[in-house]
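Counting starts at 1 for both ligands and their atoms, following the listed order.
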Amino acid sequence: LFKKELGQHILKNPLIAQNIVEKVAAGLKCTDVVLEVGPGTGNLTTRILERAKKVVAVELDPRLAAELAKRVQGKPEQRRLDIMVGDVIKTDLPFFDVCISNTPYQISSPLIFKLLAHRPLFRCAVLMFQREFALRLIAKPGDDLYCRLSVNTQLYAKVDHIMKIGKNNFKPPPQVDSSVVRIEPRNPPPPIDFKEWDGLMRIVFVRKNKTLAANFKTTSVLDIIENNYKTFCSANEMMIESNFSIKEKVMSVLKSVGFADSRAAKLDVDDFLKHVHNFFW
Ligand code: SAM
């Protein structure tokens, strides 16, 4: 009946559905538009409709979208529910104030970054993920699960763990337990070029317990940086000295910002933000 490949694990415990909606509702105004990703048969949707001005629900499976449409047919809430059939990642999202989702685990990461890149910014999102993914989102420096996903998310948002949910509350039960997190975007967002920021994170989090100097010293990393530097110099008509060494240049930048002996595993978003501009030419 339900398609595993679409992450269709339907919440069967009404108390939990109610609980999640309460968490969303706590921050809702009566004028709010709520975006729901993956409404399925509408366990959360019908409850949210009681609290919000309007719900826009994006569902990939036309069969479930039809079932949801049927659930509100002829009722007053029908006018306040817009159902969009399609892949949320490929859909142009309309304006929304708040987002709710029992997220299909296949799109966990792209969904977060799509939401955080959406403008105008939403106020808050209450999202359910597989437990480990949720723990990565909230992990802090020093935690085992602290990783590139943690810093990239925390760069743009405050993330809090709000509820654990056992796998037996779903039909069919997934392999692992879930967690609900609340995401509040930082508004305004930090003035960062995300590609440059993420480029740096990709280097320093490959081996997060090694020093930054050790991560930057690998040949593959130095080759990439040297290429970028040469492209930059020629674009800006800058001469490169004959005895130029990219390794020395990189090490001197790391030392000047006091990062050479730091380890990514122990640095937070603010540490990186303080110095990130020094890494770009
Ligand atoms: N909201 C329901 C609940 O809590 O009981 C169902 C949640 S179920 C975990 C995930 C839902 O997302 C399924 O209905 C699935 O068809 C839908 N889905 C999967 N991939 C999707 C995508 N890329 N875009 C939109 N919906 C998707």
Q. Heavy atoms under 4.0 Å from ligand 1: which residues qualify?
A.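 Within 4.0 Å of ligand 1, the protein residues are L6, G7, Q8, H9, I10, L11, E36, G38, P39, G40, N43, L44, V58, E59, L60, D61, L64, G86, D87, V88, N102, P104, I107.
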Q: Check whether more than 12 heavy atoms from other residues, nucleotides or ligands sit under 6.0 Å from atom CG of N236, and answer yes or no.
A: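 More than 12 heavy atoms, drawn from other residues, nucleotides or ligands, come within 6.0 Å of this atom.
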Q. Among side-chain atoms of T41 and E67, is any donor-acceptor pair under 3.5 angstrom?
A.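 E67 and T41 do not have a side-chain donor-acceptor pair below 3.5 Å.
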(Q) Check this for me: does any side-chain nitrogen of one of K230 and E226 sit under 4.0 Å from a carboxylate oxygen of the other? (A)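 Judged by the 4.0 Å cut-off on N to carboxylate O distance, K230 and E226 do form a salt bridge.
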(Q) Over 60° means perpendicular and under 30° means parallel, so tell me whether F232 and Y229 are parallel, tilted or perpendicular. (A)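 F232 vs Y229 ring planes: parallel.
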**Q.** From V206, I203, V204, residue fulfilling side-chain contact (heavy atoms from CB on, under 4.5 Å) relative to V221
**A.**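 Testing V221 for a side-chain contact (heavy atoms from CB on, under 4.5 Å) against V206, I203, V204 leaves exactly one candidate, I203.
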Q: Give a yes or no on whether the ring-centroid distance for F113 and Y156 is below 6.0 angstrom.
A: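 No.
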